[in-house]
Amino acid sequence: MPVVNTIDGKRELVGIVSERDIATKLGSLKSGGLPPSGFHISSVMVNEVIAVSEEMALEDVAKIMLDKGIGSVPIESDGVMVGIVSKADFTT
């Protein structure tokens, strides 16, 4: 799930959260039984997002996802997130 910050109507991609990120946070000893409602998205999200241009070939996007071991990649146009490609998109 992409995390965006909207300023003056422009959506800026600031992070991404996966099921794995949430599971890791819930299972960490530091969280020590804190209920999920006590977490802030900023404590779970990954800040260093791998995003690609909407002009990139789908084959190249798939290679990035495989090489980096990630399940989704945000798509950007002129620095603005316009979509997302996930591994489910390759199986349908």
Side-chain angles (χ1 to χ4, degrees):
M1 178 75 64
V3 179
V4 296
N5 188 20
T6 304
I7 299 176
D8 296 330
K10 184 176 179 183
R11 295 179 300 170
E12 176 188 10
L13 182 64
V14 295
I16 196 160
V17 176
S18 70
E19 290 174 336
R20 184 181 339 161
D21 298 327
I22 294 169
T24 299
K25 181 70 173 182
L26 289 174
S28 77
L29 293 175
K30 280 176 71 174
S31 300
L34 186 66
S37 61
F39 295 125
H40 294 275
I41 194 72
S42 61
S43 71
V44 179
M45 73 179 191
V46 173
N47 296 332
E48 295 178 19
V49 180
I50 297 170
V52 298
S53 165
E54 66 180 341
E55 303 297 324
M56 184 174 279
L58 195 54
E59 180 179 331
D60 295 334
V61 174
K63 181 168 177 17
I64 289 170
M65 291 170 67
L66 288 171
D67 290 348
K68 300 292 185 180
I70 54 178
S72 63
V73 178
I75 309 300
E76 293 185 324
S77 175
D78 296 323
V80 177
M81 192 187 94
V82 295
I84 192 164
V85 173
S86 73
K87 60 185 175 184
D89 294 320
F90 293 98
T91 60
T92 57

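Considering only residues two or more places apart in sequence or on other chains, Val52 meets the side chain to side chain contact (heavy atoms under 4.5 Å, CB included) condition with Met56, Val61, Ile64, Val73, Ile75. In this structure Ser77 satisfies the side chain to side chain contact (heavy atoms under 4.5 Å, CB included) test together with Glu54, Val82, sequence neighbours excluded.
The shortest distance between side-chain heavy atoms of Met81 and Pro2 falls below 4.5 Å. You'll find the side chain of Val17 stays beyond 4.5 Å of the side chain of Val46, heavy atoms only.
Met45 and Val4 end up in different hydrophobic clusters when Ile, Leu, Val, Met, Phe, Trp and Tyr side chains are linked at under 4.5 Å. A single hydrophobic cluster is seen to contain both Ile22 and Val14, as judged by linkage of ILVMFWY side chains at heavy-atom distances under 4.5 Å, directly or through other members. In terms of hydrophobic clustering, with Ile, Leu, Val, Met, Phe, Trp and Tyr side chains grouped at heavy-atom distances under 4.5 Å, Val44 and Ile16 are assigned to different clusters.
Side-chain N/O atoms of Ser18 and Asp21 include a donor and acceptor closer than 3.5 Å.
Interatomic distance, NZ of Lys68 versus NZ of Lys63, reported as 10.0 Å (0.5 Å rounding). The line from OG of Ser53 to CG of Asp78 is 8.5 Å long, rounded to the nearest 0.5 Å.
The shortest non-hydrogen separation linking Met65 to Lys87 is CE-N, 3.6 Å. In terms of heavy-atom proximity, Ile50 sits nearest to Pro74 at O-CD, 3.3 Å.
Heavy-atom neighbours of Asn47 CG from other residues, nucleotides or ligands within 6.0 Å: above the threshold of 12.
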